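Labels below follow one simple rule: chain letters A, B, ... track the order of the sequence lines, proteins then strands, and each chain is numbered from 1. Note that the coordinates shown come from a computational prediction; the quantities given were computed from them, not determined experimentally.
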There are 2 protein chains.
Amino acid sequence: ERQKISGIAYSADEAKITVVGLDDKPGIAAVMFEALAHDNVNVDMIVQSASTDASRTDITFSVAAGDADKALAVIDSVKDKLPYQRVDAASNIAKISIIGTAMRTQAGIANKMFASLAEKGVNLQVISTSEIKISVLIDSAYTELAVRTLHDAFELHEA
Amino acid sequence: ERQKISGIAYSADEAKITVVGLDDKPGIAAVMFEALAHDNVNVDMIVQSASTDASRTDITFSVAAGDADKALAVIDSVKDKLPYQRVDAASNIAKISIIGTAMRTQAGIANKMFASLAEKGVNLQVISTSEIKISVLIDSAYTELAVRTLHDAFELHEA
Ligand SMILES: C[C@@H](O)[C@H](N)C(=O)O
Ligand SMILES: C[C@@H](O)[C@H](N)C(=O)O
């Protein structure tokens, strides 16, 4: 498959917030993002993998590090409408993305991205993909190393 | 915020596979997608939310329904290199996406999408976003209802 990566993007000043133990029923995600939208919290990534316990699941979202406290306050304020077990937050987070044209088969490109970061000991905390992009959240201490590693792995020469 | 949605996309014939209880350490995701790439399994979405148990997490990915058995066989074949607790699979899955221009503040647009689907009783099984797209996996029985609901909510007139 001809390499179809056109660039690497990153943002080093993010926070990730995970709301743990939400009821997995219609309307729960809507309550959460209605509250965040109402208070003008700028949400970047939203990620929910499939629930592994029949009735509960977790949602992770990312915000600019400066918005973390505000986002946590909003989630706390809707606890009566949005029962959850706890909220985890971390603010030394970076988002690293590889951008390409239609990556019909993600597995090959994802493997290359994940393997090259793994070789450098970078742990993938969150993963999210679309047809033209694969994004991961990592510890922001690894930002430069990760970006340089991916430039090399995908043979992109920094301008 | 001026509505910036340009369209709704959907694919009704997908399967979701969740590998539960993976070690949350560097290299694990690479092993998984190397094996899938090696066997030419066409992976569409890849989603991992933040781990809520210090050392384990789950990864969900989607494939065409016809590839589900092959993907499961691949995951089973690497169990010695990729310790996990179990694999969940479901094949009556549809992917529904709203596509827009830079959705800087996802929360407002996500809220509208999630709330309109919730009103119709549609449960969101998986969520994944990028700057220009929000995708959800739902029970494929709701495909037409979901697409029509979103066309109405975002005032898009079907051609
Ligand atoms: C957890 C949450 O996404 C729920 N499944 C919903 O539809 O809102
Ligand atoms: C779970 C998996 O993503 C692991 N954190 C890794 O980096 O490979």
ILVMFWY cluster, B:L72 and B:V20 together (side-chain gap under 4.5 Å) =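 Different hydrophobic clusters.
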A:D39 atom CG, over 12 foreign heavy atoms within 6.0 Å = yes
Residue pair [X] / [Y]: nearest heavy atoms and the distance that separates them:
X	Y	answer
A:T149	A:L117	CG2-N, 4.5 Å
A:K79	A:Y84	NZ-O, 3.0 Å
B:I99	B:A9	CD1-CB, 3.7 Å
A:S77	A:D80	O-OD1, 3.9 Å

Separation between [atom1] of [X] and [atom2] of [Y], rounded to the nearest 0.5 Å:
X	Y	atom1	atom2	answer
B:E131	A:S130	CD	OG	8.5 Å
A:I8	A:D152	CD1	CG	9.5 Å
B:D24	B:T57	CG	OG1	5.5 Å
B:K70	B:N40	NZ	CG	5.5 Å

B:T52 versus chain A, heavy atoms under 4.5 Å apart: side chain, backbone, both or neither?
->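 For B:T52, the contact with chain A is made by backbone and side chain together.
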Could you tell me which portion of B:I59 (side chain, backbone, both or neither) has an atom closer than 4.5 angstrom to a non-hydrogen atom of chain A?
-> side chain
Scan for side chain to side chain donor-acceptor pair (under 3.5 Å) pairs involving residues 25-37 of chain A, sequence neighbours excluded, and state none if there are none.
-> A:D23-A:K25
Flag the one option from B:S128, B:A50, B:A118 with the top tally of heavy-atom pairs under 4.5 Å to chain A.
->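 The candidate making the most pairs under 4.5 Å is B:A50.
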Most heavy-atom pairs under 4.5 angstrom with chain A, which of B:A115, B:A35, B:A29?
->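 That would be B:A29.
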Within 45° cone of A:F61 ring axis and under 6.0 Å: A:K16 NZ or CZ | no
Starting from the C-alpha separation in whole Å, work towards a yes-or-no answer on side chain to side chain contact (heavy atoms under 4.5 Å, CB included) for A:V78 and A:M32.
-> CA-CA 8 Å; A:V78 287; A:M32 192 161 152; over 6 Å; no
Among [range], which ones touch chain B with a heavy-atom distance under 4.5 Å?
range	value
residues 85-98 of chain A	A:R86, A:D88, A:K95
residues 132-143 of chain A	A:I132, A:K133
residues 119-127 of chain A	A:G121, A:V122, A:N123, A:L124, A:Q125, A:V126, A:I127

Just by modelled atom types, is the B:L150 backbone N or O under 3.5 Å from a matching donor or acceptor in the B:S116 side chain?
-> no
Are any side-chain N or O atoms of A:S51 and backbone N or O atoms of A:D53, one a donor and one an acceptor, separated by less than 3.5 Å?
-> yes
Closest-packed option against chain B by number of heavy-atom pairs under 4.5 Å, given A:G27, A:G21, A:S49 = A:S49
